[in-house]
Every structure is written in C-alpha cells, then in structure tokens.
Amino acid sequence: MFIRLTLVFVIFILFYRGDVIDTINTSSVEETWNFEEEIIFAQSGPLSGPSNSLGIELRDGILAAFHEANLLGGIWNSKKLRLVTLDDKYEPIYTKQNTNYFLFNKTLPNGSPGGVSLNQPITKVFGLIGYVGTPTVDSVFKDVISSKVPLIGSFTGARWLRTPFYKNVINLRASYDDETAAMIDWLVNEQLITKISILYQNDSFGNAGLEGVLRALDHVKIPLSSFGLYTRNTLNVEDAVTSIGRANPKAIIMIGTAAPVAKFVKLVRDFSLQPKNERQGYKEEEIIFLTVSFVGSAALSKQLHSYSIQSNGTMDYTKNVVITQVVPSPFDESFPLVQSYQRARKSYILSNGGDVSKFVPSFIELEGYLVGKFTYMALSQTTKSLTRTNFINTVYASGSRDKSAGDLNGKIFIFDAMKVGPFRDCDTFDPLDELMLINNSRPFLCNSTTYNCNQGLKSVYKSQISGSSFKIFGFTFSWYSPGGSFSTCISDISTMRTPPISNNRELLLLIIIPVSVTVLLIIIALISYYSYRYYRQRKEIENAPKSGDISIAFTDILNSSTLWQTFEKSMKEALLIHNAIMRKNLKNFDGYEVKTNGDSFYVAFRNPADCIDWAVSVQHDLNKAKWPSELYNAWDCRQVWDEETRNLIWSGLRVRIGIHFGRAENQFDKVMKRPDYFGSAINKAARIESIAGGGQILVSEEFLLETWKRYRTRLYSYIYLLDDNPKDYVRDITATFSNCLPSSSFISTNSGNVDSISSVVSVSRSSDNNSNPEKKQKRKIALLYTAEDLGKHYLKGLQGLSRVFQIKSKEMQKRQYPPIQNNFTDASLDLMNTMDLNHQDQDHSPIGAVKFKKNYIVPIDNL
C-alpha cells in the first residue's frame with residue numbers, strides 16, 4: 001500500500017510540473033463545439049495500395065450517413081457533420097503521421113500519402129472514426145488513450161481494443177474472437193470437420209485472428225492441424241501453401257486481405273487437381289475456405305471471379321468460400337437498415353454528380369454507414385455542452401449502475417430496427433495504472449471486467465459468394481441472451497456448442513452404445529415402414545395393364561347432383577357403400593382403379609371378361625345393398641319389384657357403366673405416383689358411359705367382338721343383332737349358334753321420334769360341346785349374358801358414329817331403360833348416310849331379314 005501511494009504521489013508531482021501535460025494534451029478534452037458550424041471527424045485508412053478497397057468503402061459508408069444527417073438538418077442547431085480522410089496505404093507509419101496531424105496539429109511530411117490526400121487544412125477534430133486495420137490502430141493506440149479523444153468504429157476486431165476496457169474506444173463490429181468462434185462452431189458441429197489449418201498475415205492483425213482460432217479450438221479440444229503466414233501488403237503466399245498442405249486439412253481459415261487470400265485459394269484449388277505426387281499434400285476432396293469480414297467481401301469476390309474467367313470456366317474459385325460478416329447482407333432489403341443505407345448511398349452519389357446505376361452495395365459500406373449513423377445518433381442525444389466527454393458519457397449513459405442489483409442493461413441504441421449495444425462503463429479506476437501508461441504499457445484501467453463493454457454488435461453472420469451478390473446462410477452466431485442482455489462483451493466461449501468428443505473410453509461407450517442401438521432401431525423401423533409402404537403401392541398397381549389393347553370402363557351415378565342437394569347426409573353414407581362395392585369387385589376381378597372423380601370411377605382391365613364380369617357384379621351388388629332409407633323416396637333410387645316373382649328389379653343408386661376395348665399407353669404419373677393411361681380409347685369409353693342410362697351397361701362394338709373372339713358361347717347366352725349391321729362378325733355369330741331363327745319384331749331404341757321396327761336376329765347358345773378353335777380363357781364366375789345391338793350413335797367429340805351394345809345378366813332382364821337420345825333431323829339424314837352408313841343398297845343381313853334405312857343425325861354444329 002505504501003508503494004502504491006508513493007507512486008500515486010509521483011504521478012501527481014509529474015502532472016503538477018507539467019512534464020506530462022504537453023505530451024498528453026489533456027486540455028483538448030474539455031474543448032466545446034457549441035459554437036462551431038461543423039463537427040469534423042477524422043479518418044486514416046488505405047485509399048491506395050493493395051487494400052485500398054477497405055478504406056474507400058468504409059469512407060463512402062460514413063459519408064452516406066453524414067450526408068443523410070445533414071439533409072435532416074444536422075445536429076445541435078444545424079451543425080453539419082464533416083469527414084476528413086487521409087490515405088495511409090495500410091501502413092502503420094503513415095497512420096501515425098496522419099493521427100499526429102489530427103490530434104497534435106503536427107505537419108505532415110512532404111510526399112506522405114496523407115499529405116497528398118489532404119484537400120484543405122483542419123484545426124479542430126472532434127473525434128477519430130473508421131480507422132482501418134489492426135497494425136495501423138495499434139501504432140496510434142497509446143496516443144488515443146492518452147488524449148481521451150473518441151475512437152469510433154475502427155475496422156478491426158482485435159481483442160485488445162475491447163479488453164482491457166477504455167471508455168473513449170468505442171467499437172461497433174464484433175471481434176475476431178467472435179468471428180473465429182463462429183467459424184469453429186460451424187465447422188466442428190455442423191460440418192463435422194476436425195482437420196483445421198490457418199493462413200494469417202504476419203502482423204498484429206494476423207496474430208489477433210490466430211489467437212481467436214486457438215481460443216475456439218481449445219474449447220472444443222481440437223488441435224490446429226497446420227499454419228502458414230505471409231507478409232502484409234504482399235502476395236507471397238506460396239510458402240504458406242506448402243506448409244499448410246502437409247497436414248491435408250479439410251478446412252482452412254484465412255486471416256488476411258483480399259488479394260493474398262484470393263491467390264491462396266487459387267493455388268490450393270489448382271494443386272488439389274494435380275497428379276498425386278504434385279498436390280503439395282492437398283487431396284481431391286473439396287476444401288472449405290473461411291475468412292473474416294476484414295478481407296473485404298466485394299474485393300475478394302471480384303478477384304476470385306477474375307481467376308474463374310481466366311480458367312475459361314473450368315474452375316469456380318468462389319466455391320466453398322465462406323466469409324463471416326458482422327452486419328447483415330447489404331443486398332437484403334428486408335432489413336430496414338439496408339433500405340436506409342441504400343437510399344442514403346444513392347442520394348450521396350447523386351449529390352456528387354455520380355451514376356447511381358453503377359452502385360453496388362457492399363458489406364464494408366454498410367458497416368461504415370452504421371458507424372456514421374451511430375455517431376450521429378449519439379451526438380444528437382448529447383446534452384449540456386457539446387464536448388468529447390459528454391459525447392462519450394452519452395454512449396455509456398444508462399440507468400442504475402448498481403451491480404448488486406444485477407443491472408446489466410447498459411446503453412442501447414436502436415435505429416432502423418438495428419440494435420447497437422449495450423455499452424457499459426466501468427466504475428473502478430486505479431491511479432497506479434496511469435504510471436503504467438507512462439511506461440508505454442496498456443494499463444488495465446478497470447478492475448471490473450464482467451460489466452464493462454465498449455462493443456456494440458454481438459452477432460456474426462456466415463455468407464457465401466452468389467454470382468455478383470452474397471448469400472447469408474445458416475444460423476446467426478450470437479451471444480445475446482433471450483432477454484436481450486449479454487453475459488460478456490465479446491462472445492463468451494461457453495456459448496459455443498461442444499462436440500460430443502471425449503478421450504474417456506467408458507464415457508464414449510456409455511454414449512455410443514445407446515445411440516447406436518437407438519439409431520439401429522430407427523433404421524429398422526424406417527426400413528419396415530418403407531417396405532410396407534412399397535408393398536402397398538405395388539399391391540395397388542399390380543393389376544395395372546401395360547401399354548397395348550386393354551379394357552376401359554367409366555361409371556357414374558345417375559342424377560347425383562340432385563341427390564346431393566336433396567339428401568346430402570344420406571348421400572355421404574351412400575357414397576361410402578358405393579365406393580366399397582366398386583373396390584371390392586375390382587379386387588375380385590383383377591381390375592385397376594386408375595382414378596376417381598367425385599362419385600365416378602375410371603378403371604382398366606387386362607382381361608375383357610374380367611371387365612364385363614366386374615360391371616355385372618357391381619350392378620348386382622348395388623341392387624342388393626342396404627341404402628339409407630331416405631334415398632328410397634327419390635325417384636332415381638326407388639325400389640321396383642317384379643310383380644310375378646316379387647324379386648327386386650331396381651333398388652338404390654342407379655349407376656351407369658360404359659366399356660370399350662382398344663389401345664392405350666401406360667404412363668406413370670409422377671405426381672400421383674401410379675400409372676395413368678392415354679389414348680383415344682379412353683375418350684371413347686367415357687363417351688359411351690355418358691349416353692348410358694342409370695343401371696345400364698353399354699359396351700362398344702370393339703369390346704363385344706373381343707369378348708366374342710375369346711369366349712364365344714361361354715360368355716353369351718343370346719346376342720340380339722340389328723339387321724342393318726353389315727359387318728362380317730354377324731355371319732360368324734349366326735354360324736356359331738345352332739337353331740338360329742329370327743325373333744319377333746323388336747322396337748328399336750335408336751329412333752329419335754318414331755318407333756322404327758326392325759327384324760332382329762335372336763341366336764341362342766349352343767351346347768358346351770361345340771367346337772371352338774380359340775384357346776379357352778378361364779373366368780372367375782360362370783355367368784352368361786345377353787348382348788343387344790342398340791345401333792349406331794353419335795359420341796361427343798368423336799368422328800362418325802359408333803355402334804354400342806347393351807349387356808344384361810339374367811337378374812337384369814326385367815330392367816327397362818329409356819331410349820338413347822340422338823337428336824337427328826330429317827335434313828341431316830342424307831349426310832349421315834354418306835358418312836359411313838352408305839350401305840342401304842346392299843343386303844348384309846345374315847338371315848335375309850327385312851332391310852330398312854335408319855334415320856341418324858348429327859348435331860347442327862357438326863354439319
């Protein structure tokens with residue numbers, strides 16, 4: 001204690017004598033800007049040299065913010081904000097010269113970059129802003145601390161700018177510790193990469209990045225695989241490529257500027273494609289490259305794209321390059337901050353006569369805009385007198401600073417929906433540390449490290465080059481607590497996820513065995529589930545016919561719309577019964593359900609006999625079904641009995657069925673994941689169904705001939721043929737049946753306006769012993785049917801006329817159907833006869849029956 005008090009006394013004497021005052025220039029601290037017309041902020045950054053894009057972009061962002069503030073009227077009675085930027089070529093010696101000019105009015109050396117870029121002399125600087133680079137800031141750091149001039153928004157993430165805490169050093173961007181922690185967290189926990197190397201610039205900037213990487217790797221217990229370094233402001237990365245490649249890394253973190261980093265990426269990618277003995281240790285696997293935001297995203301993207309162009313498009317050097325960012329994407333206008341930045345930047349360009357169409361947003365410009373706008377916001381909130389001290393106090397001004405009460409809020413600035421802060425001021429000062437300052441050491445001016453914070457942004461984003469833009473991906477690495485506060489100023493290493501890696505064998509077994517068993521059970525369950533699902537899918541489509549000649553059927557419920565409107569509740573129940581009958585019979589007769597639409601079914605069969613058996617069985621089951629009693633009150637669902645036998649003729653829903661046999665193409669529907677069919681045969685089947693009556697089965701001429709060819713008298717007990725049918729199959733049918741005699745007169749259902757009477761051939765089934773040259777095909781039921789020729793009819797959308805036949809089983813013989821409506825007129829008779837019915841002068845009747853000319857007609861539109 002005695003020594004400490006003695007040192008304090010020595011410091012007091014030195015200050016009293018004035019030996020230190022001239023050096024520190026403390027008198028400037030309390031200068032006021034109350035009566036100045038403008039407030040000048042000074043910047044030193046690279047406006048020329050290999051890293052000039054960093055200084056230019058950061059400057060332009062700050063200028064846009066100041067321009068916006070000045071257009072709004074400035075601050076403190078319309079004072080304007082002004083930025084003065086001097087070039088330092090990213091070299092500490094020039095940064096030192098520029099800062100001496102800003103703080104102490106020391107003349108700039110002749111020919112210095114700063115002197116060349118100085119447009120007009122300045123005498124009174126309020127604060128320093130937007131300094132670029134770790135080594136450059138390091139060269140003036142002692143002077144900044146001594147003068148207590150605000151140093152705002154330096155473009156560096158060095159840890160020593162944050163810890164120990166200095167009140168006049170006001171940082172906005174996240175630190176390199178934060179960015180490297182986000183990198184390692186993503187590599188280890190999401191990419192599962194543990195072979196990590198680093199390329200870094202051989203100066204305080206590179207060392208700061210290296211320290212961050214080692215800090216994060218130590219937390220996850222992973223060693224650094226290899227490293228390489230290069231000299232600042234050079235492109236000499238060849239030695240680093242060789243030294244890093246020996247470890248065969250899967251990821252390489254690069255702490256440097258755009259030009260050397262881009263060259264390093266190109267060399268590594270080129271080596272990885274060489275023959276094995278020339279790869280410098282790099283294998284063919286894709287290596288992930290990561291770099292911090294200081295690199296200058298736009299400059300790096302431009303350089304990598306130029307390399308890709310030089311390779312004639314054979315290499316994309318932007319691939320697998322990840323850049324951490326401390327601000328959102330400047331292209332993402334969903335952020336209000338980005339909208340304000342782009343608007344202010346364009347306004348500034350126009351005010352200087354520039355071309356807005358050439359404006360390309362950049363991360364560094366957005367960060368500069370954020371720094372400038374933060375400065376404006378803090379100035380506008382400064383009260384009492386406009387001094388540096390009051391400005392600094394405004395940045396940290398919060399409510400209670402009672403640590404015992406757990407006050408961690410600090411000062412938070414919110415503008416454009418962007419949260420900057422909290423900033424917290426330490427309340428402990430040790431005079432002994434001032435002596436350390438005199439001894440050219442950075443004093444630890446605050447003993448309390450838990451609550452002090454001079455860094456405003458506490459989030460890190462990950463971006464990838466996407467054409468001429470950038471894409472933010474993955475989750476944002478942030479150490480804000482759910483309540484919006486924070487535990488530490490820079491990222492707490494404990495916020496990183498720890499991978500499940502341990503050297504303890506027993507612990508590993510305890511983890512691996514249960515996890516392995518669980519994974520195995522999950523795999524078995526998934527295999528079982530997908531196997532069953534695959535089985536069900538195959539089962540559902542196993543009866544789907546292949547492309548070729550198939551039987552197609554369509555069904556529909558008669559007057560279903562009226563029934564739904566009148567008996568909605570009953571129809572819901574009836575539809576379930578209807579669908580169950582359809583699908584049960586499809587299963588019984590090997591049919592395939594192609595589609596359903598409301599109460600209509602579209603089905604297909606390989607075997608035509610299965611198709612007709614299905615249709616008849618459906619009609620039988622529908623007639624036997626127990627329908628909701630309410631439906632029997634509807635005319636189209638009423639029950640009708642045979643007066644002689646008291647058997648049901650009609651009961652419940654009347655379903656009409658149309659069937660056709662023809663060629664169709666099987667095409668797999670990727671959306672429905674099942675086969676579908678295409679071809680004119682599908683359309684014809686649908687049109688035949690549309691002219692059928694309720695409870696009626698109509699088939700095409702092609703279907704009748706196919707079933708006759710295959711089954712003949714094993715399927716049909718009677719076939720009624722109109723004598724106007726000239727086809728050869730009429731002779732074949734009559735020749736096959738024995739006792740072939742003309743029937744009595746038949747009232748044709750094909751007449752639209754008069755009862756046309758036609759002779760009908762009634763042929764009966766011969767005995768089962770008749771000779772049949774066709775190979776017999778098995779059927780699932782032994783029912784016999786009658787087929788009745790209903791003549792030729794117009795089918796909507798099809799050319800010409802099509803002959804249709806009505807199919808009935810023994811149980812359906814008493815059913816009577818309304819005639820098929822063909823709205824033919826006398827005027828169209830001659831036209832129809834010349835289309836494909838021009839055979840009235842020839843007698844094709846197989847039995848010499850009375851011949852007559854049918855009256856057919858087409859709708860007027862088709863004439």
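Numbers here are sequence positions counted from 1.
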When you check the gap from the basic side-chain N to the acidic O, do Lys96 and Asp143 get nearer than 4.0 Å? yes
Calculate, to the nearest 0.5 Å, the distance between atoms OG and CD1 belonging to Ser329 and Ile472 respectively. 5.5 Å
Cation over ring face, Lys411 and Phe413, 6.0 Å, 45°: yes
Nearest-0.5 Å distance that lies between atom OG in Ser301 and atom CZ in Phe470: 4.5 Å
Using modelled atom types and a 3.5 Å cut-off, is there a donor and acceptor pairing between side-chain atoms of Asp218 and backbone atoms of Lys221? no
Per side-chain contact (heavy atoms from CB on, under 4.5 Å), Phe289 is matched among Val322, Thr318, Val268, Leu304 by Val268
Between Trp186 and Phe473, how do the two ring planes meet: parallel, tilted or perpendicular, split at 30° and 60°? perpendicular
CD1 of Ile288 to NZ of Lys319, rounded to nearest 0.5 Å, is 11.0 Å
Mark yes or no for whether Glu179, through its side chain, and Ser293, through its backbone, hold a donor-acceptor pair below 3.5 Å. yes
Heavy-atom closest contact (Gln43 atom, Gly55 atom, distance): NE2-O, 4.2 Å
Should Ile170 and Leu151 count as side-chain neighbours, where that means a heavy-atom distance under 4.5 Å? no
Report the C-alpha distance between Lys89 and Asn52 in whole Å, list the side-chain angles of each, state the deciding distance to 0.1 Å, and finish with yes or no for side-chain hydrogen bond (donor to acceptor under 3.5 Å, both in side chains). CA-CA 7 Å; Lys89 291 190 173 181; Asn52 66 325; over 6 Å; no
Check whether any side-chain heavy atom of Leu457 lies under 4.5 Å from a side-chain heavy atom of Leu370, and answer yes or no. yes
Which pair of heavy atoms, one from Ile323 and one from Val292, lies closest together, and at what distance? CG2-O, 4.0 Å
Distance-only, no hydrogens or angles: does the Lys266 side chain make a donor-acceptor pair with backbone N or O of Tyr317 under 3.5 Å? no
Whether Thr231 side chain and Gln201 backbone form a donor-acceptor pair below 3.5 Å: no
Worked verdict on Phe391 versus Tyr396 for ring pair (Phe, Tyr, Trp, His ring centres under 6.0 Å): CA-CA 9 Å; Phe391 170 79; Tyr396 297 93; 9.8 Å; no
Are any of the side-chain heavy atoms of Thr257 and Val261 separated by less than 4.5 Å? no
Derivation and outcome, side-chain contact (heavy atoms from CB on, under 4.5 Å), residues Thr476 and Val460: CA-CA 6 Å; Thr476 301; Val460 177; 5.9 Å; no
Quick check on the 6.0 Å ring-centre criterion: do Trp160 and Phe141 meet it? yes
Are any of the side-chain heavy atoms of Leu172 and Glu367 separated by less than 4.5 Å? no
Between Thr156 (side chain only) and Ala158 (backbone N and O only), is there a donor and an acceptor less than 3.5 Å apart? yes
Quick one: is the NZ or CZ of Lys462 closer than 6.0 Å to the six-membered ring centre of Phe475, and within 45° of its axis? yes
Heavy atoms, side chains only, cut-off 4.5 Å: are Ile255 and Asn207 in contact? no
Going through the distances and angles, do Ser51 and Leu54 end up as a side-chain contact (heavy atoms from CB on, under 4.5 Å)? CA-CA 6 Å; Ser51 304; Leu54 304 179; 4.1 Å; yes
Taking every heavy atom of Ser44 against every heavy atom of Asn98, the minimum-distance pair comes out as OG-ND2, 3.1 Å
Side-chain donor-acceptor pair present, Ser362, Glu57, cut-off under 3.5 Å: yes
Check the surroundings of atom OH in Tyr307: do more than 12 heavy atoms from other residues, nucleotides or ligands lie under 6.0 Å from it? yes
Hey, does the side chain of Gln342 reach the backbone of Pro330 with a donor-acceptor pair shorter than 3.5 angstrom? yes
Could you grab the distance from atom OG1 of Thr324 to atom OH of Tyr461, nearest 0.5 Å is fine? 12.5 Å
Judged by atom type as modelled, is there a donor-acceptor pair below 3.5 Å linking the side chain of Ser469 to the main-chain atoms of Ile465? no
Given the ring of Phe205, does Arg232 sit roughly above its face, with NZ or CZ under 6.0 Å from the centre of the six-membered ring and within 45° of the axis? no
Look only at the side chain of Ser225 and the backbone of Ser197, and say whether a donor-acceptor pair between them is shorter than 3.5 Å. no
Any side-chain heavy-atom pair of Val420 and Ile414 under 4.5 Å: no
Candidate pair Arg59 and Glu365, rule salt bridge (charged side-chain N to carboxylate O under 4.0 Å, His left out), full reasoning: CA-CA 7 Å; Arg59 177 201 64 187; Glu365 277 190 5; over 6 Å; no
Counting N and O atoms only, with roles assigned by atom type, does the side chain of Lys458 sit under 3.5 Å from a partner on the main chain of Gln455, one being a donor and the other an acceptor? yes
Output the distance between atom CD1 (Ile364) and atom CZ (Phe294), rounded to the nearest 0.5 Å. 8.0 Å
Go through it in stages, so that I can follow the logic: the residues are Ser463 and Lys471, the test is side-chain contact (heavy atoms from CB on, under 4.5 Å), and I'd like the CA-CA distance, side-chain angles, deciding distance and then a yes or no. CA-CA 5 Å; Ser463 69; Lys471 178 179 67 177; over 6 Å; no
I want to check something: taking the side chain as every heavy atom from C-beta on, are Val132 and Val137 in contact at a cut-off of under 4.5 Å? no
Return the minimal non-hydrogen interatomic distance between Pro328 and Met418, and the atom names on each side. CD-CE, 4.1 Å
Using side-chain heavy atoms (C-beta onward) and a distance below 4.5 Å, is Leu128 in contact with Val144? yes
Is there a side-chain contact (heavy atoms from CB on, under 4.5 Å) between Ser175 and Arg159? Walk through the geometry before answering. CA-CA 6 Å; Ser175 70; Arg159 185 189 306 170; 5.9 Å; no
Ile193 versus Ile196, closest heavy-atom pair with distance: O-CD1, 3.9 Å
Counting only heavy atoms from other residues, nucleotides and ligands, does the tally under 6.0 Å from NZ of Lys302 exceed 12? no
Measuring from atom CG of Leu337 to atom CG of Asp416, what distance do you get when rounded to the nearest 0.5 angstrom? 5.5 Å
Output yes when a side-chain donor or acceptor of Asn171 lies under 3.5 Å from a complementary backbone atom of Leu161, and no otherwise. yes
For Pro92 versus Thr136, what's the shortest heavy-atom pair and its separation? N-CG2, 4.0 Å
